[in-house]
Structure formats: C-alpha cells, structure tokens
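Everything below concerns the one structure shown next.
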Amino acid sequence: PLAGDAHLPHTFQGDFEIFCHHQNRSGGKLYQGLVLANPGNTPVTVRIGASASTNTAEGWWTDMPFFKVLKGLLSHITSGPGDRSASEILRGHREVKAETVTIPPGQTIVLHSKAFGVFNELTTQFRLNADGPVHAAVVMDRQTVTPERAVQMLLEDRKSTRLNSS
C-alpha cells in the first residue's frame, strides 16, 4: 500500500522504533502523521510501547548553567523537544493511550497525528512491536493527516515533503 519512494523501503516485524525530528519553516501550521500499513493478507497487531511527541512550545529551553544542577530536582524542565521526548520515553510515557492497534489486511492507519506551528520543531519517537509485517511512513500536511490523505500522498510518489494548498 505504501508504494514508491515516499516511505522507508523496509518491512518491519517484531520490535522496532520510529524517530523523526522536523523543523517547520513552511510559513504555516503543519501536521505530522505517523502512518502504518499492513501489506499482508492477515491482520497485524502492533503493540505500542513507550512513545512521545513534543514540539518546541512543550519542550522548554533551558540554556542557563544553573538549570543543569536543578534539572534532577525539576525533571519537567528540558532543553527542547528532543530532550523532553527522550525523557518521556525513558519514563515509559505513552503518547497514544491504546496499548495495541490491529491493522486489517491491505489497510493503512494513522497511528499518531500532531500539529505544530511555524518556526517550531517536533520530535516524535515510538517504540513498537508488530506480530506481522508492516510498512511505515511519516508524512506532513497542512491539514490533519487521515488514512485516506496519507495513502493519497504516498501514492503520488512524493520524494520530498509537499504541502496541500487547502
């Protein structure tokens, strides 16, 4: 289902992780979608482990030296979206409340979608386990990423992020 060069040309099965970091310099709000597809003929269950998705506004920047000392005491203070996402992963946080999702044969799902504003960054990391083969993609759009929109974008064989004009 995820044909072309717009996705990782790899089939995941068993334990795997997805990590992505994007900077929004588009001039408007963007939506990131984490897409999973089942290329097989039987349902695939994906177990969702620790996961986090943090944008710049959520991952407070703390460059001042005294925060390094306090950081252990004030563990909610981080030095950006990557640091906060990593901290949440280590604490076992789950961005998606469901423990598992089942993908029907030949179907595509959006596991996670999140908006982030212009001049913001978004760091997303998911620890997953699939009991069968799955394909994965991360897509960006100017509207909420739905399974139908993700498939449309991927089938257009986009090699770089293109934005919907609506």
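Below, all heavy atoms of this structure are taken into account, side chains as well, without hydrogens, waters or symmetry copies. Since we're looking at a predicted model, the values are computed, not measured.
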Any idea which heavy atoms bring [X] and [Y] closest together, and the distance?
| X | Y | result |
| --- | --- | --- |
| Pro39 | Pro133 | CD-O, 3.3 Å |
| Lys29 | Ala115 | CD-CB, 3.8 Å |
| Ala136 | Ile18 | CB-CD1, 3.8 Å |
| Val44 | Ala130 | CG1-CB, 4.1 Å |
| Pro43 | Thr102 | CB-CG2, 3.9 Å |
| Val35 | Ala150 | CG2-CB, 3.7 Å |

Steps toward side-chain hydrogen bond (donor to acceptor under 3.5 Å, both in side chains) verdict (Ser53, His112): CA-CA 9 Å; Ser53 185; His112 176 68; 3.3 Å; yes
How long is the span from the [atom1] atom in [X] to the [atom2] atom in [Y], to the nearest 0.5 Å?
| X | Y | atom1 | atom2 | answer |
| --- | --- | --- | --- | --- |
| Arg149 | Ser113 | CZ | OG | 12.0 Å |
| Thr11 | His135 | OG1 | NE2 | 3.0 Å |
| Asp141 | Tyr31 | CG | OH | 10.0 Å |
| Leu111 | Leu34 | CG | CG | 5.0 Å |
| Asn120 | Gln23 | CG | CD | 10.5 Å |

Test item: Arg142 and Ser26 side chains (from C-beta on) under 4.5 Å apart, heavy atoms: yes
Side-chain (Asn24) to main-chain (Phe116) donor-acceptor, under 3.5 angstrom: yes
Any donor-acceptor pair under 3.5 Å from Asn129 side chain to Arg47 backbone: no
Exceeds 12 heavy-atom contacts within 6.0 angstrom, atom CZ of Phe119: no
Candidate pair Glu17 and Leu128, rule side-chain contact (heavy atoms from CB on, under 4.5 Å), full reasoning: CA-CA 6 Å; Glu17 290 191 33; Leu128 304 168; over 6 Å; no
Shared hydrophobic cluster, Val96 / Val46 (ILVMFWY, side-chain heavy atoms < 4.5 Å): yes
Candidates His22, Lys114, Gln32, Glu121 - the one meeting side chain to side chain contact (heavy atoms under 4.5 Å, CB included) with Asn55: Lys114
Step-by-step side-chain hydrogen bond (donor to acceptor under 3.5 Å, both in side chains) determination, His93 to Ser51: CA-CA 6 Å; His93 172 80; Ser51 56; over 6 Å; no
